[in-house]
Amino acid sequence: MAIYTLPELPYDYAALEPVISPEIIELHHDKHHAAYVKGANDTLEQLAQARDKDAWGSINGLEKNLAFHLSGHILHSIYWHNMTGDGGGEPLDKDGVGELADAIAESFGSFAKFKAQLTKASATTQGSGWGVLAYEPISGRLMVEQIYDHQGNVGQGSTPILVFDAWEHAFYLQYRNQKVDFIEAMWRVVNWQDVAKRYAAAKQAGNNLVLAP
C-alpha cells in the first residue's frame with residue numbers, strides 16, 4: 001500500500017502566469033513531483049523486502065534513495081502552496097503577517113537583506129537544488145539554507161517555510177539557462193499568508209525539540 005500520495009495543486013496550471021507557464025506547472029507537478037512520490041513508495045517497499053529477507057547489501061543506496069525522494073516530495077508539497085497568482089511584494093503587518101515580517105527583520109536586518117540572501121542562495125546552488133527560508137528552533141531564528149539535490153547543507157532541526165525550486169525542470173522551458181531571472185521573478189508570486197502560517201506552526205512545534213534529557 002502506498003504511503004505517500006501526490007497532492008493536488010491548489011490552483012490551475014495557468015494560475016501563476018506570466019511568472020511560470022502552464023506547461024511548466026503541469027510537467028513539474030504531474031511528472032516530476034509524481035516521480036518523487038513513486039520513488040519514495042518504491043524505496044519503502046524495497047526496504048520492507050530487505051527486512052523480511054534480512055538482506056542488507058543495498059542498505060546504503062536504499063537509505064539515500066528514500067531521503068532523496070522523500071525530501072523531493074516534501075519540498076514540492078510546500079512549494080506549490082508557497083505560491084499564488086495574487087502574491088508577491090513583502091510581508092506587511094496590514095496584511096496580517098506582521099509576526100513573520102518582524103521575524104525576518106530581526107533575523108536578517110531587513111526584508112531587503114533577506115531577499116538578497118535567499119535570491120543569491122537559490123541562484124547559486126551548484127547544479128540542482130533549492131533555496132530555503134527555514135525556522136531554526138534552537139535559536140528561534142529564521143535562516144536561509146541551500147539544499148543540494150534534495151538533501152544536505154541544512155540544520156537538522158530546521159523547518160522549511162518558504163522554498164524556491166532551483167532545479168532546471170522548474171524553469172528551463174521558459175527561462176532557458178537564466179536561473180537568476182527565474183528566481184527574481186519568483187518573488188512576484190510568493191504567498192506570504194502561507195509562509196506566515198508555516199512560520200507560526202514551526203515556531204510552535206519547534207518549542208518541543210529536546211536536545212538533552
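Note: hydrogens, waters and symmetry copies are ignored here, and every other heavy atom, side chains too, is used. For this chain, numbers begin at 1 and follow the sequence in order.
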Between the side chain of [X] and the main-chain N/O of [Y], is any donor-acceptor distance below 3.5 Å?
X    : Y    : result
E145 : G155 : yes
N153 : I147 : no
W167 : D149 : yes
Q146 : A121 : yes
Q174 : F182 : no
N82  : V195 : no

Looking at [X] and [Y], what are the two nearest heavy atoms and their distance?
X    : Y    : answer
L16  : T84  : CD2-C, 3.6 Å
I183 : S122 : CD1-CB, 3.8 Å
H81  : N191 : O-ND2, 3.4 Å
H29  : P7   : NE2-O, 2.6 Å
G127 : K179 : O-NZ, 3.5 Å
R51  : W56  : CG-CH2, 3.2 Å

I'd like to know if [Y] and [X] are part of one continuous hydrophobic network [Ile/Leu/Val/Met/Phe/Trp/Tyr, side-chain heavy atoms within less than 4.5 Å].
X    : Y    : answer
I20  : W187 : yes
L173 : L9   : yes
Y148 : F164 : no
F111 : V163 : yes
L100 : M143 : no

### Task
Describe, in one word, how the ring planes of H69 and Y36 are oriented to each other, choosing from parallel (under 30°), tilted (30 to 60°) and perpendicular (over 60°).
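Tilted: the ring planes of H69 and Y36 meet at 30° to 60°.
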### Query
According to the interplanar angle, ranging from 0 to 90°, do the rings of H76 and W80 count as parallel (below 30°), tilted (30 to 60°) or perpendicular (above 60°)?
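Tilted: the ring planes of H76 and W80 meet at 30° to 60°.
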### Task
For D93, check side-chain contact (heavy atoms from CB on, under 4.5 Å) against everything at least two apart and list the hits.
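Here no residue qualifies.
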I want to check something: taking the side chain as every heavy atom from C-beta on, are [X] and [Y] in contact at a cut-off of under 4.5 Å?
X    : Y    : value
L75  : D165 : no
F171 : D181 : no
L70  : I74  : yes
W130 : T125 : no
I78  : V132 : no
P18  : R188 : yes
Y79  : H33  : no

How long is the straight-line distance from [atom2] of [Y] back to [atom1] of [X], given to the nearest 0.5 Å?
X    : Y    : atom1 : atom2 : answer
D95  : W192 : CG    : CH2   : 11.5 Å
T159 : L133 : OG1   : CG    : 11.0 Å
K113 : F108 : NZ    : CZ    : 12.0 Å
Q126 : T124 : CD    : OG1   : 8.0 Å
L47  : I59  : CG    : CD1   : 5.5 Å
S77  : L6   : OG    : CG    : 7.5 Å

#### Entry: Y11 and D86: side chain donor to acceptor below 3.5 Å
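No, no side-chain donor-acceptor contact under 3.5 Å.
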### Query
Is any NZ, NE, NH1 or NH2 atom of the basic residue among E99 and K203 found under 4.0 Å from an Asp or Glu carboxylate oxygen of the other?
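A salt bridge is present here (some side-chain N lies under 4.0 Å from a carboxylate O).
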### Query
Does a sphere of radius 6.0 Å around CD in E17 hold more than 12 heavy atoms from other residues, nucleotides or ligands, not counting ones at 6.0 Å or beyond?
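Above 12, so yes.
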### Task
Can you sort out the partners of K38 under side chain to side chain donor-acceptor pair (under 3.5 Å), two or more places apart, ordered by chain and number?
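Result, side chain to side chain donor-acceptor pair (under 3.5 Å) vs K38: D42.
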### Task
Start with the C-alpha distance between V189 and M186, add both sets of side-chain angles, then the distance that settles side chain to side chain contact (heavy atoms under 4.5 Å, CB included), and finish with yes or no.
CA-CA 6 Å; V189 294; M186 276 290 298; 4.2 Å; yes
### Task
Report the C-alpha separation of L62 and L66 in whole Å, then their side-chain angles, then the decisive distance to 0.1 Å, and conclude whether the side chain to side chain contact (heavy atoms under 4.5 Å, CB included) test is met.
CA-CA 6 Å; L62 289 174; L66 181 59; over 6 Å; no
